[in-house]
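To start, the structure itself, in structure tokens.
Predicted model, so just to flag it, every value in this text is computed and none were measured.
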Amino acid sequence: MSRKRIFWLTAGYFLDVDLPVVPALMSDFDIDWVLLTTERNFEDDARYVKSQTQRPIKMICDQGRFFSPSHYKVMKNLILDLVKKDYDLYYFDISDLLFIFPLIKKNLPIEKVVIATHNVVVPKGARYALLARLSMKYILRHFRNFQTFSLGQLEALKVVNPNANVLYAPLMLKDYGGKDLLPAKIREDEPIKFLFFGNIVRYKRLDVLLKAVEILASRGIRNFKVYICGYCPEKEWTGIYRPLISDDSLFHLDIRRIPTDKVGEYFRECQYFLMPYQDIAQSGAMTVALNYSMPIIASNLPTFHEFLTGDGDAYFFKAADAEALADCMQQAIGNSEEQYLEMRSAVAAIVEKKLSKDVILGKYKEYLDAL
């Protein structure tokens, strides 16, 4: 039997989603893999890909914003080029808000197209939330084959489109290297370090975390530091979040798109991962934390319970409750070295049981073979 020929498009902001998957699938399928990046991110993305795989990937740049004529031109040229090549399958991992999906519907055979739907239900407070909801409504109405990355999103998709053919496969663990350099213990002469990582958007409720830090300081607790590392538009950072920080000594701030060779460093340096979200479909950042066996402090949302139990592997608190978050952080700060290492072991056990690479890849292979 001849191997299926697959065109696979990955948007740069989903590179860490597909990078553990596509090169592995190339052993079973003939995949032409394209990464849609920007001139600004090209070198960083290329460096990251090269650090993870030697499999071929084509990188194309699109500097236009999602609503610009130049972006439409890039999308149109891409899809029209695919028409000439007649692949067996087309997989799109992109959250384009206006152009690409109507172009796909018009020019490609729907039964051969798979759309990765990261947010079937768009989180409250997401950027361009209205456009994202309209785009998802269009996708779910006009396409048949989808992937979801969480059980909650799978259930939501089936309600809207009960006849959909859906692959459910969770996000693969994301490895930025250096796991062998993880600290073996908590040093008594250093503060406990908490990490908030990723794009700073309103539904992630960084404001709740900043208020929790103020509460801890008011209790006289100061043997900790919060690392806030991720991109935030300057206007939002200076207008919403920066004014909530009254003591810079309790923070390490790196407000930008974090280069890939810096990501692993932050996850190795910190002890606990913070997720004070008010809403979430699935979290790529959490899979990085799990890869580094970091105990997690998270809002009590169903998505997080898909993997974490709260029984020794995580602390859960009432969403949007700064006092409750401060209580969890205080408990973590007070943990002994033995208690901390037990939590790390519990996280590692969860990963081995629920997030096996072979099991996840098996789901992809089975689904793509059946189409």
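Listed by chain and number, the residues in a side-chain hydrogen bond (donor to acceptor under 3.5 Å, both in side chains) with Asp207 are Arg205 (sequence neighbours excluded). Remark: Tyr90 engages Tyr87 in a ring-ring contact (aromatic ring centres under 6.0 Å, His included) (not counting sequence neighbours). With sequence neighbours left out, the side chain to side chain contact (heavy atoms under 4.5 Å, CB included) criterion links Asn107 to Ile79, Leu80, Val83, Leu103. Asp44 meets the side-chain hydrogen bond (donor to acceptor under 3.5 Å, both in side chains) test with Arg47, Arg257, Thr260; sequence neighbours excluded. Applying the side chain to side chain contact (heavy atoms under 4.5 Å, CB included) rule to Ala156 yields the partners Val120, Val121; only residues at least two apart in sequence or on another chain are considered. Not counting sequence neighbours, the partners of Asp175 by the side chain to side chain contact (heavy atoms under 4.5 Å, CB included) test are Lys179, Asn291, Tyr292. Residues that satisfy the ring-ring contact (aromatic ring centres under 6.0 Å, His included) test with Phe42, not counting sequence neighbours, are absent from this structure. Applying the side chain to side chain contact (heavy atoms under 4.5 Å, CB included) criterion to Cys232, with sequence neighbours excluded, gives Ile200, Glu236, Trp237, Tyr241, Ile255.
When all heavy atoms of Val351 and Leu290 are compared, the closest pair comes out as CG2-O, 3.6 Å. In terms of heavy atoms, Leu216 sits closest to Ala326 at CD2-O, 3.4 Å. The two atoms that bring Glu352 and Ser356 nearest to each other are O-CB, 4.3 Å, heavy atoms only. The nearest pair of heavy atoms linking Ile360 to Ala169 is CG2-CB, 4.2 Å. Closest approach of Ala212 and Ala322 over heavy atoms only: CB-O, 3.5 Å. Across Tyr138 and Pro102, no two heavy atoms sit closer than the pair OH-CA, 3.3 Å.
The neighbour count for Lys357 NZ, taken as heavy atoms of other residues, nucleotides or ligands under 6.0 Å away, does not exceed 12.
Using a 4.0 Å cut-off between charged side-chain N and carboxylate O, Arg242 and Asp248 make a salt bridge. Ion pair Lys211/Glu214 not flagged as a salt bridge, since none of the NZ, NE, NH1 or NH2 atoms sits closer than 4.0 Å to an Asp/Glu carboxylate oxygen.
In this structure, the separation between CD on Gln153 and CG on Leu157 is 8.5 Å, given to the nearest 0.5 Å. Atom CD of residue Gln52 and atom CG of residue Leu19 lie 5.5 Å apart, to the nearest 0.5 angstrom. Between Leu308 atom CG and Leu301 atom CG the span is 11.5 Å, to the nearest 0.5 Å. Here the CG atom belonging to Leu355 is positioned 5.0 Å from the CG atom belonging to Leu173, to the nearest 0.5 angstrom. Summarising the geometry, atom CG belonging to Leu140 is positioned 9.0 Å from atom OG belonging to Ser135; distances are rounded to the nearest 0.5 Å.
Taking Ile, Leu, Val, Met, Phe, Trp and Tyr as members and joining any whose side-chain heavy atoms lie under 4.5 Å apart, directly or through other members, the hydrophobic cluster of Leu130 also contains Leu134.
Side-chain N or O atoms of Gln271 include one that pairs as donor or acceptor with a backbone N or O of Lys193 at under 3.5 Å. Formation of a donor-acceptor pair under 3.5 Å by the Asp93 side chain with backbone atoms of Ala116 is not found in this model. Remark: side-chain polar atoms of Asn161 are not paired, donor with acceptor, to backbone N or O of Lys158 under 3.5 angstrom. Using a distance-only test at 3.5 Å, with no hydrogens or angles considered, a donor-acceptor pair links the side chain of Ser218 to the main chain of Ile215. In terms of modelled atom types and a separation under 3.5 Å, the side chain of Thr238 and the main chain of Glu234 share a donor-acceptor contact. The main-chain N or O of Asn199 is found under 3.5 Å from a side-chain atom of Lys204 such that the two form a donor-acceptor pair. A distance-only check finds a donor-acceptor pair linking the side chain of Asn145 to the backbone of Val113 [under 3.5 Å]. At distances below 3.5 Å, not a single donor-acceptor pair connects side-chain atoms of Ser299 with backbone N or O atoms of Ala320. Judged by distance alone, with hydrogens and angles left aside, the side-chain atoms of Thr117 form a donor-acceptor pair with the main-chain N or O of Gln147 at under 3.5 Å. For the pair Lys4 (side chain) and Leu368 (backbone), a donor-acceptor distance under 3.5 Å is present.
When Asp88, Asp369, Asp30 are each tested for a salt bridge (Lys or Arg N to Asp or Glu O under 4.0 Å) with Arg3, only one passes: Asp30. A ring-ring contact (aromatic ring centres under 6.0 Å, His included) with Phe273 holds for exactly one of Phe197, Phe304, Phe194, Phe267; it is Phe267.
There is a side-chain donor-acceptor pair under 3.5 Å between Arg55 and Ser27.
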> Which is it for Lys363 and Leu167 under the side chain to side chain contact (heavy atoms under 4.5 Å, CB included) test, yes or no, and what are the steps along the way?
Replying inline: CA-CA 7 Å; Lys363 291 176 181 287; Leu167 162 64; 4.0 Å; yes

> Step by step, would you call Asp254 with Tyr266 a side-chain hydrogen bond (donor to acceptor under 3.5 Å, both in side chains)?
Replying inline: CA-CA 10 Å; Asp254 192 354; Tyr266 282 137; 2.7 Å; yes

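For residues 341-371, no residue pair satisfies the ring pair (Phe, Tyr, Trp, His ring centres under 6.0 Å) rule, not counting sequence neighbours. Every pair passing ring pair (Phe, Tyr, Trp, His ring centres under 6.0 Å) that includes a residue from residues 10-32 is listed here, sequence neighbours excluded: Phe14-His118.
Trp8 and Tyr91 have parallel rings, their planes meeting at less than 30° on a 0 to 90° scale where 60° marks the start of perpendicular.
Contact annotation: the side chain of Ile245 approaches that of Leu253 to within less than 4.5 Å [non-hydrogen atoms, C-beta and beyond]. Side chains of Thr37 and Cys61 form a contact here, defined as non-hydrogen atoms less than 4.5 Å apart. Within the 4.5 Å cutoff, the side chain of Met329 has no heavy atoms near those of the Phe317 side chain. Residues Tyr176 and Ser51 have side chains not in contact (no heavy-atom distance under 4.5 Å, counting atoms from C-beta outward). Taking 4.5 Å as the limit, every side-chain heavy atom of Arg144 sits out of range of all side-chain heavy atoms of Glu111. Inter-residue side-chain proximity for Leu371 and Lys112 is flagged as unmet; no heavy-atom pair is nearer than 4.5 Å. Residues Tyr277 and Thr303 have side chains not in contact (no heavy-atom distance under 4.5 Å, counting atoms from C-beta outward).
At a threshold of 4.5 Å between side-chain heavy atoms, the hydrophobic network of Ile, Leu, Val, Met, Phe, Trp and Tyr places Ile60 and Ile94 in one connected group. When the side chains of ILVMFWY residues are joined at heavy-atom separations under 4.5 Å, either directly or via intervening members, Leu195 and Tyr231 end up in two distinct hydrophobic clusters.
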Show every donor-acceptor pair shorter than 3.5 Å between a side-chain atom in residues 219-230 and any protein atom, with sequence neighbours excluded, or say none if there are none.
residue : atom : partner : partner atom : Å
Arg219  : NH1  : Asp327  : OD1          : 3.0
Arg219  : NH1  : Gln330  : OE1          : 2.6
Arg219  : NH2  : Glu323  : OE2          : 2.8
Arg219  : NH2  : Asp327  : OD1          : 2.8
Arg222  : NH1  : Asp247  : OD2          : 3.3
Arg222  : NH2  : Asp247  : OD2          : 2.3
Arg222  : NH2  : Ser249  : OG           : 3.4
Tyr227  : OH   : Glu269  : OE2          : 2.6

